[in-house]
Every structure is written in C-alpha cells, then in structure tokens.
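Presented below is the structure to which this report refers.
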Amino acid sequence: PLEKEKVEMEQDYTDNEPRQSEQAKWESDQMSSALFKFGPKDKQAQEEYELLLDDEIEFVQALQLPGDKPDEKVKVQPKERKLTSIEETQKSLPIYPFKKDLIKAINTYQVLIIIGETGSGKTTQIPQYLYEAGFADNDKIIGCTQPRRVAAMSVAARVAHEMGVKLGNEVGYAIRFEDCTSQRTRIKYMTDGTLHREFLSEPDLASYSVMIIDEAHERTLHTDILFGLVKDIARFRPDLKLLISSATLDAQKFSEFFDGALSFVIPGRRYPVDIFYSKAPEADYIDAAVVSILQIHATQPAGDILVFLTGQEEIETCNEMLLERVRRLGNKIGELLILPVYANLPSEMQSKIFMPTPQGARKVVLATNIAETSLTIDNIIYVIDPGFAKQNNFNSRTGMESLMVVPISKASANQRAGRAGRVAPGKCFRLYTAWAYQHELEDNTVPEIQRINLGNAVLTLKALGINDLVHFDFLDPPPHETLVLALEQLYALGALNHRGELTKLGRRMAEFPVDPMMAKMLIASEKYRCSEEISTIAAMLSVNGAIFYRPKDKIIHADAARKNFNVPGGDHLVLLNVYNQWMQSDFSTYWCYENFIQHKSMKRARDVKDQLVRLMQRVEMELVSGITESVNIRKAITAGYFYHIAKLSKGGSYKTAKHNQTVSIHPNSSMFQELPRWVLYHELVFTTKEFMRQITEVESKWLLEVAPHYYKSKELEDSTNKKMPKVAGRATMDGTN
Ligand code: CDP
Ligand code: MG
C-alpha cells in the first residue's frame with residue numbers, strides 16, 4: 001500500500017512547477033502513508049456513513065513535525081467523568097500540589113515569573129491562594145489582568161462561584177465601560193487596557209498588594225506597556241508583589257526583562273495529541289470545518305470538539321450551516337450541542353460553555369482564538385484548526401490600520417492542538433496541509449506592539465507624564481517609524497504641541513478610554529453643538545458586535561428593515577437614527593425584534609453612551625443637542641477622523657486622500673450605491689480587498705476647516721460635492737465577511 005500511495009502522491013503533482021515536486025518529495029518523506037479514514041471499518045456501515053455525509057475531507061498524519069507530539073512524560077489516568085465538588089476540582093488542578101511552595105516563593109521574592117500549561121489553574125487559583133495567605137488584608141486588592149474581556153468576566157464569575165460569593169462583591173471585574181467591583185472587592189480581574197488606564201488615577205497602584213500580569217505570552221499592546229510600567233513601580237513600592245504569568249516556555253525573556261526574576265514552573269500534564277493534516281488545501285475552511293465536525297461526530301468516540309474560527313460572523317455562519325446539516329440528518333446522528341464563544345458573547349451565554357455535556361450528547365464549541373489560551377473548556381478531545389485568526393495590522397508607511405484574517409503561527413497552531421490533550425489523549429485536525437504548516441507558517445506571532453497603531457498607547461503614556469517614549473523600557477520596542485507616526489497623528493489632532501508635550505486638549509482626550517480620533521470627535525462635538533448626537537454615534541461605533549441582525553433564512557426581510565433606517569449623509573447618521581428610534585420606542589425589546597436590530601448590542605450602546613456622557617461632564621463639556629442640520633454632526637466626526645478620508649476614483653473605487661491607496665465601500669454600507677465624491681470611513685477591513693466600513697459623506701472644504709495643518713487645499717482640489725452617476729452592476733454583495 002505504501003508504494004501505491006507514493007505513486008498517487010506523485011501523480012498529484014505532475015505539473016512542472018518546481019515547488020510542487022519539492023513539496024511532493026517533502027511529503028513522501030514526512031508523511032505517514034496512511035490516510036486517516038473516518039468511518040466504521042465494516043463495509044456496509046461505511047457505505048451508510050458515506051451516504052450520510054455527502055462530502056468528505058481526507059486527512060493524513062505527519063510522521064514527525066516540530067511541536068507535533070506534546071510530551072508524553074506524564075502518564076495520568078484519564079479522569080472518570082463524574083460530577084465533582086468544587087473542592088475536588090480545585091485539588092485536581094496541576095497547580096494545587098505547589099500551593100505552599102508558590103506562596104513561599106511569592107513571600108521571598110518581589111517579582112516572580114510563573115509558567116504553566118494552559119488549564120493548570122494559574123488564573124483561577126493563584127488569586128485565591130493569595131487571598132487565603134492574607135494578601136488582601138488591610139483592604140488591599142489582589143489584581144489580575146487579562147488580555148480579553150470575556151476572559152476577565154468569565155474567570156471572575158468562576159472564582160466568585162468557587163469562593164461562594166456574589167460576583168461584584170469580594171470578587172469582581174473591570175473592563176472598558178463596565179465596572180463590576182465594589183468597596184468589598186478583594187480579588188479584581190481586569191483587562192490589561194483597564195489597568196493601563198488605572199495608572200492615570202493611581203500612578204503607584206497603591207490599592208494593590210499584588211498585581212498579576214496574566215497571559216503574558218499573548219503580548220498584547222497593553223500587556224507589553226504594563227511590563228514597563230509595573231517594573232518601574234516595583235522599584236519604589238517594595239511591598240508590591242508582581243507576578244508575570246505565562247503559558248509558554250519563553251520565560252527567559254521575561255526573566256531577563258525583570259532583572260533576572262525567578263521562574264516558578266508548574267509541570268504540565270498533557271496527553272499525547274495525534275495531529276492530522278488535510279490532504280489538500282481547503283478552499284472554504286468554514287465548510288471544511290462543518291464537514292469535519294460531522295465526520296468526527298458520526299465516527300469518533302465520545303469527547304467534545306473545539307473549533308477555532310476568526311470572529312463572530314464566521315462563528316455565526318458556521319453555527320447556521322451546522323444546524324442546517326444536523327436538521328437534514330435528523331435522528332440519524334446523536335445529539336450535538338453547539339456553543340459559540342467570542343469577545344462580545346452575552347454573559348448569560350458564557351456560563352453555558354462550561355456546563356458539563358449531557359450523557360450521550362456531544363458538545364461543539366465554536367470559538368475565536370480566545371480559547372487558545374485564555375479560556376479552558378474541559379473535556380475537549382478533538383480540535384479542528386483551520387489555521388487563521390483575525391489580526392489588527394498597521395502599515396506605518398501609509399498610516400493605514402486594517403483588520404484582516406491572517407494565517408496563525410506555528411506556536412499558535414501547537415497551543416490549539418494542545419487543547420485536545422488536557423483530559424485524555426486527543427486528536428487535532430488541521431484544515432491545512434503539513435507542507436503549509438512547515439513552510440508557510442511563521443514560528444511565532446509578532447507582538448502587537450510591533451504591528452499596530454500606537455496612537456492610543458502614546459496618548460496614555462504622555463498623560464502619565466512619560467515624555468521620552470523612545471527610551472521607555474519596552475520588552476520589545478515598537479518600530480521607530482510607528483512611534484513617530486503616532487506622535488505626528490497626535491500632533492495633527494492637537495493632542496500634542498510641537499515639542500511633543502501634551503496640550504490641554506490632549507489631557508482632555510486622554511480622559512476617554514477610546515481611540516484618540518474618537519476622543520477628538522467627542523470633544524469637537526461641543527464646538528459643533530451636537531455632543532448629544534456624537535456621544536450616541538461614538539457609543540454605537542464602540543459596540544463592535546453587530547447592530548443589525550441578519551439571519552440566513554430571513555435575509556430579504558432583514559435587509560429591507562435595515563434600508564428603512566437609511567438617511568442621507570451616511571452610516572454614522574444611520575446609527576444615530578437607529579438609536580434614536582429605539583429610544584423613542586422606550587428602549588423596547590420588541591421594537592428591536594420587529595426591526596431586525598440586535599437588542600443586546602443596543603443595550604450595550606446605551607451603557608457606553610451613559611459612560612461617555614459622564615466622562616464628557618467630567619472634562620466639563622457642555623452637553624448640547626437638538627440641531628437638525630446634519631452638517632454639524634458630520635463636521636464633528638470629521639474633526640476626529642480626518643485621517644480616514646477617501647476620494648472617489650474611476651470605476652466606483654476610492655483612493656485614500658493622503659496616500660492614494662485603493663479602498664472600496666463595504667457592501668453593507670448605506671452608501672454602497674451612492675458613491676459620494678468624498679467619504680470618511682470609521683475603519684478598514686481587509687477581506688477580498690480593503691473595505692471601508694461605516695462611511696459618511698463629507699465635503700473636502702471641511703477638511704481645511706478641521707485640519708488646516710494636515711491638509712493643503714491643493715490636495716483637496718475638486719471640492720465640489722456632486723455625485724457620480726450610478727455604476728451598473730455594483731449591487732453584487734461581493735466581499736462581505
Ligand atoms: O490560567 P490557566 O490556564 O492555568 O487555568 P485556569 O483558567 O485557572 O483554569 C483552571 C480550571 O478552571 C480549568 O479546568 C477550567 O476549565 C476551569 N474554569 C472554569 O470552569 N470556568 C471558567 N470560567 C474558567 C476556568
Ligand atoms: Mg489563564
């Protein structure tokens with residue numbers, strides 16, 4: 001059979017492309033000969049199975065690739081699945097035997113690096129150990145940062161449950177626009193961004209006795225900046241304990257940064273995970289994921305499935321496709337519980353993820369890479385990894401920031417695979433070829449600080465009085481040009497003066513936990529006498545979950561309902577219109593349902609708006625509203641977002657004003673068929689091409705009014721605002737994501 005496989009393999013690559021034959025040779029060296037066959041052995045059952053699932057994905061197993069086989073040193077008997085008490089569960093965690101040693105080490109050293117496999121209990125247990133050991137006495141707080149909101153909320157909920165207290169009392173959390181803590185809170189989980197901002201009000205972190213910078217390996221922008229800030233504080237607060245906790249073993253770097261701090265390693269417990277690669281590249285990975293889920297479900301022994309997708313939309317699409325297929329299969333397959341996990345997941349859904357799977361059923365968790373290390377879901381035996389994640393990328397040459405789906409790194413791929421081996425030996429199905437893994441994936445993900453816009457971070461640092469950013473103590477410094485660009489942008493927004501010092505406007509802008517452009521828009525709204533409207537628009541833009549509900553089976557109705565909200569001027573005004581109508585309905589749930597509006601997103605927008613209004617009052621802004629003229633509102637938006645301007649060019653596409661980059665109107669925009677000459681966009685999203693999302697029509701002469709130091713009138717020639725004739729055939733919904 002080996003010979004036959006090889007021949008077949010070579011036949012697959014008969015074309016002359018040198019890389020292809022190189023690939024074939026590589027594959028014949030690296031790959032096991034056997035295709036991984038789903039399905040029962042017996043022939044008749046196999047035929048039935050094939051009828052059941054009309055399409056199939058073929059997987060092959062690689063012999064030996066780096067990271068393929070997690071260590072098999074520790075042999076632990078798989079836990080029997082039964083309901084265990086909280087205490088039993090706590091004692092079963094890998095960290096538990098080290099409780100005493102850990103506390104001793106923390107008492108001895110001021111800074112400690114803690115390394116442990118994901119799921120070993122670092123996040124949920126260490127704060128409780130510290131609490132027991134008296135670190136929260138004298139009203140001090142044990143703080144723990146998380147890179148992700150959902151993780152902060154769900155971990156806090158879990159710990160409150162374990163301690164038998166009400167969430168928000170002894171155990172609480174704080175995330176942007178939401179503070180669920182009280183006077184009584186002794187263990188506080190928060191996002192890294194929230195702690196970054198807390199430095200503004202409490203530069204020495206005096207209320208904390210311990211600060212845990214958790215998930216340090218994620219290397220988010222805020223976590224990276226926190227490293228520098230807490231390191232500095234530790235020098236003049238010898239009583240503050242600092243724990244840097246991380247999942248992977250690049251502890252050396254953290255240790256060196258923190259002046260040779262000791263590493264405390266919690267030995268991992270991982271079962272072997274067999275890794276399978278798809279035999280050929282998959283054109284549509286969501287479809288491939290759905291097919292793989294069903295293949296596993298129909299043929300593999302009990303055990304839950306974890307699928308990594310890139311975002312809420314993908315998860316919803318996958319969910320719907322899966323439901324549809326399951327419905328068609330009817331009772332020919334066992335019960336399948338589908339559970340989505342993503343950043344904006346409503347909290348009542350979050351707890352469901354952790355509920356044990358009922359006997360006889362199988363759980364499928366559809367998650368973003370939040371489940372890679374931040375959240376551990378027990379009983380996962382199968383992982384399906386399409387190999388992509390959403391990433392924010394910033395081009396410092398053009399100043400363009402864009403959200404795009406990119407291939408993950410080898411390190412991520414191995415973290416994902418590892419999720420299958422926590423409770424028993426597992427299987428990981430990669431929806432890409434072994435060749436792609438070996439030759440196309442980077443070893444590690446580039447830290448965020450080296451690839452995103454630093455405007456927000458620089459503004460906060462400046463507000464903390466850190467003027468010399470070039471010499472700030474970075475674990476990995478950002479590229480020089482990115483830093484310079486951030487300074488230039490803040491200068492153009494009026495937040496910094498020509499010496500790079502914070503201006504009065506900059507100080508006010510720093511009060512808002514939002515992007516500097518949004519902060520500027522909020523403050524400018526005072527001048528244009530529309531602060532009420534702008535606070536609504538800002539809130540609606542900040543709800544990054546979808547506002548419009550678009551179920552697959554009611555797309556026509558949903559789109560019609562959406563069109564009803566269209567108003568001249570663009571998407572920002574549409575958002576305002578949706579909010580105002582909802583307000584007029586007395587914030588009715590039913591109104592949302594009737595109009596295909598996501599009620600949860602709207603409720604969140606209302607909360608965000610309330611907070612923004614409070615902050616506006618804090619910086620002594622006069623709250624005004626009631627103007628009927630949309631020009632003022634659009635001018636205020638332009639005062640913040642004058643970087644995000646594009647001009648119509650040939651064929652209905654657009655060019656950005658400063659850098660001449662080609663961009664297009666997103667098909668979901670109310671402006672999709674309007675083609676105004678000048679537009680302002682809120683953000684760029686790269687799918688099949690660069691799409692502008694949330695678009696408003698502007699006049700180029702406004703740019704001279706709001707940003708005279710940035711735009712010269714020459715650049716803005718042709719400031720007429722007439723529209724181009726409609727271009728035929730533009731109504732295709734290409735490139736939606
Ligand atoms: O931080 P680390 O990855 O080391 O582990 P952890 O998040 O503290 O997880 C320890 C245990 O708590 C795991 O078995 C999780 O499944 C469980 N856990 C949970 O049941 N609910 C949560 N919201 C978070 C964790
Ligand atoms: Mg953790």
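Numbering of ligands and ligand atoms starts at 1, following listing order. Note that these values count all heavy atoms, side chains included, but never hydrogens, waters or copies made by symmetry.
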Enumerate, atom names and distances included, each donor-acceptor pair closer than 3.5 Å involving a side-chain atom of residues 100-109, sequence neighbours excluded.
from	atom 1	to	atom 2	distance (Å)
Asn107	ND2	Ile103	O	3.3
Thr108	OG1	Lys104	O	2.6

- Query: Below 6.0 angstrom between ring centroids: does that apply to Phe254 and Phe227?
  - Reply: yes

- Message: Would you say the ring centers of Phe59 and Tyr277 fall short of 6.0 Å from each other?
- Response: no

- Query: Tell me, which protein N/O/S atoms are under 2.8 Å away from the Mg ion (ligand 2)?
  - Reply: Thr123 OG1, Glu215 OE2

Are any protein N/O atoms closer than 3.5 Å to the N/O atoms of ligand 1? If there are, list each pair with names and the distance to one decimal place.
from	atom 1	to	atom 2	distance (Å)
ligand 1	1 (O)	Thr123	N	2.9
ligand 1	1 (O)	Thr123	OG1	2.6
ligand 1	3 (O)	Gly119	N	2.6
ligand 1	4 (O)	Ser120	N	3.1
ligand 1	4 (O)	Ser120	OG	3.4
ligand 1	4 (O)	Gly121	N	2.9
ligand 1	4 (O)	Lys122	N	2.9
ligand 1	4 (O)	Lys122	NZ	2.8
ligand 1	5 (O)	Gly121	N	3.1
ligand 1	8 (O)	Thr123	N	3.4
ligand 1	8 (O)	Thr124	N	2.9
ligand 1	8 (O)	Thr124	OG1	2.6
ligand 1	14 (O)	Asp378	OD1	3.2
ligand 1	14 (O)	Asp378	OD2	3.4
ligand 1	14 (O)	Arg422	NH2	3.2
ligand 1	16 (O)	Thr376	O	2.9
ligand 1	16 (O)	Asp378	OD1	3.4
ligand 1	16 (O)	Asp378	OD2	3.2
ligand 1	20 (O)	Arg158	NH1	3.2
ligand 1	23 (N)	Ser154	O	3.2

State plainly whether the residues [X] and [Y] are in salt-bridge range, i.e. N to O under 4.0 Å.
{"X": "Glu372", "Y": "Arg416", "value": "yes"}
{"X": "Glu313", "Y": "Lys390", "value": "yes"}
{"X": "Arg237", "Y": "Asp204", "value": "no"}

- Query: Cation-pi between Arg422 and Tyr271: NZ/CZ under 6.0 Å from ring centre and within 45° of the ring axis?
  - Reply: no

- Within 45° cone of Phe257 ring axis and under 6.0 Å: Lys231 NZ or CZ: yes

For residues 210-221, which side-chain N or O atoms pair as donor and acceptor with protein atoms under 3.5 Å away, sequence neighbours left out?
from	atom 1	to	atom 2	distance (Å)
Asp214	OD1	Ser245	OG	2.5
Asp214	OD2	Thr123	OG1	2.6
Asp214	OD2	Gln146	NE2	2.8
Glu215	OE1	Thr373	OG1	3.3
His217	ND1	Ala247	N	2.9
His217	NE2	Thr373	OG1	3.0
Glu218	OE1	Arg148	NH2	2.9
Glu218	OE2	Arg148	NH2	3.3
Glu218	OE2	Thr373	OG1	3.0
Glu218	OE2	Ser374	OG	3.3
Arg219	NE	Asp224	OD1	2.7
Arg219	NE	Asp224	OD2	3.4
Arg219	NH1	Asp476	OD2	3.2
Arg219	NH2	Asp224	OD2	2.8
Arg219	NH2	Asp476	OD2	2.9
Thr220	OG1	Asp192	OD2	2.5
Thr220	OG1	Thr223	N	3.2
Thr220	OG1	Thr223	OG1	3.0

